[in-house]
Chemist: 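Sending over a structure as structure tokens; questions will come in a sec.
All residue numbers in this chain count up from 1 along the given sequence. Keep in mind it's a predicted model, so treat the numbers as computed, not measured.
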Amino acid sequence: DTGQHVFDFLPLVVLLGGCVIAPVFGLTVYLAQRGHAQAAALRQSEAGLRRTEVFLLEAEALSATGSFSFNPATGEHWWSEQTYRIFDVPVKSAPSFDLMRQRTHPDDLHFLNDCVECAQRGEEFTTEFRLAMGDGSIKHLHIVAHAIRISADAPFEFVGAVRDIT
């Protein structure tokens, strides 16, 4: 016995190894290509979102219109940069109805309070009221908002626009 029978299984081992390695290699290549395609699609989506955001910011500035949202379930408010400019408050300020009340002309507080009540009931609203600015000037605003649901099981939120019509 010269030990040659040990090598009799070599073709079988190579064949079985190839049968295992080839599909694993193929799957690896497929997953890598798919990952690159998904990454490219994600980069393209992100670029589209950035472009849309820039257009929205420019349109708001050109039209003196800001946007906002309010979630009655959480009490969370969100304002666009233009809304902060309209109310003449620092962008780092936390938006709230109290902040709006501080700027609202005292004779028009009832208009703002009516809007707050409508929002808390889930009703759309449109109103106009004045802001009393820190420098003594008066701004006239037009506000419109309505409720939306992001998904069927989500609570409603309000989105709206505030326009300086001074």
Chemist: Excluding sequence neighbours, so at least two apart, what forms side-chain hydrogen bond (donor to acceptor under 3.5 Å, both in side chains) with Arg101?
Modeler: Asp98, Asn113
Chemist: Please find the pair of heavy atoms, one from Arg85 and one from Lys139, that lie closest to each other, and give the distance.
Modeler: O-NZ, 3.4 Å
Chemist: Write out all pairs satisfying side chain to side chain donor-acceptor pair (under 3.5 Å) with one or both partners inside residues 28-52, taking only residues at least two apart or from two chains.
Modeler: none
Chemist: Is there a chain of hydrophobic side chains (I, L, V, M, F, W, Y, each step under 4.5 Å between heavy atoms) that links Phe129 to Ile138?
Modeler: no
Chemist: Identify, with sequence neighbours excluded, every residue that meets ring pair (Phe, Tyr, Trp, His ring centres under 6.0 Å) alongside His105.
Modeler: none
Chemist: Any donor-acceptor pair under 3.5 Å linking the side chain of Arg103 with the backbone of Phe87?
Modeler: yes
Chemist: Only pairs at least two apart or in different chains count here, so list each ring-ring contact (aromatic ring centres under 6.0 Å, His included) that has a residue in residues 47-75.
Modeler: Phe70-His77, Phe70-Phe97
Chemist: For Ile150, which fellow cluster members are found when Ile, Leu, Val, Met, Phe, Trp and Tyr are connected by side-chain heavy-atom distances below 4.5 angstrom, either directly or through intermediates?
Modeler: Ile148, Val159
Chemist: Mind listing the closest non-hydrogen atom pair of Tyr84 and Ser93 along with its distance?
Modeler: OH-O, 2.8 Å
Chemist: Considering only residues two or more places apart or on different chains, which pairs with a residue in residues 53-64 satisfy side chain to side chain donor-acceptor pair (under 3.5 Å)?
Modeler: Glu60-Ser67, Glu60-Ser80, Ser63-Thr65
Chemist: Which atoms form the tightest heavy-atom contact between Met100 and Thr104, and what is the distance?
Modeler: O-OG1, 2.7 Å
Chemist: In this structure, are over 12 heavy atoms from other groups packed under 6.0 Å from Glu123 atom CD?
Modeler: yes
Chemist: Sequence neighbours left out, what passes side-chain hydrogen bond (donor to acceptor under 3.5 Å, both in side chains) with Thr126? Give chain and number order.
Modeler: none
Chemist: Are Trp78 and Val89 connected, step by step, through hydrophobic side chains (Ile, Leu, Val, Met, Phe, Trp, Tyr) whose heavy atoms are closer than 4.5 Å?
Modeler: no
Chemist: Considering residues at least two apart in sequence or located in another chain, which fulfil the side-chain hydrogen bond (donor to acceptor under 3.5 Å, both in side chains) criterion with Gln102?
Modeler: none
Chemist: Run through the side-chain heavy atoms of Ile, Leu, Val, Met, Phe, Trp and Tyr, join any pair under 4.5 Å, and report what else lands in Leu62's cluster.
Modeler: none
Chemist: Which residues satisfy the ring pair (Phe, Tyr, Trp, His ring centres under 6.0 Å) test with Phe111, sequence neighbours excluded?
Modeler: none
Chemist: Any pair with a residue in residues 141-163 that passes side chain to side chain donor-acceptor pair (under 3.5 Å), sequence neighbours left out, goes on the list, sorted by first then second residue, please.
Modeler: Glu128-His142, Ser151-Asp153
Chemist: With clusters defined by side-chain heavy atoms of hydrophobic residues (ILVMFWY) lying less than 4.5 Å apart, directly or transitively, does Met133 cluster with Leu112?
Modeler: yes
Chemist: List the residues meeting side-chain contact (heavy atoms from CB on, under 4.5 Å) with Phe125, not counting sequence neighbours, and say none if there are none.
Modeler: Cys115, Cys118, Ala119, Ile143, Ala145, Phe158
Chemist: Using the rule that two of Ile, Leu, Val, Met, Phe, Trp, Tyr join whenever any of their side-chain heavy atoms come within less than 4.5 Å, decide whether Val162 and Val116 are in one cluster.
Modeler: yes
Chemist: Step by step, work out the side-chain contact (heavy atoms from CB on, under 4.5 Å) result for Leu141 and Ile86.
Modeler: CA-CA 9 Å; Leu141 304 183; Ile86 290 170; 3.5 Å; yes
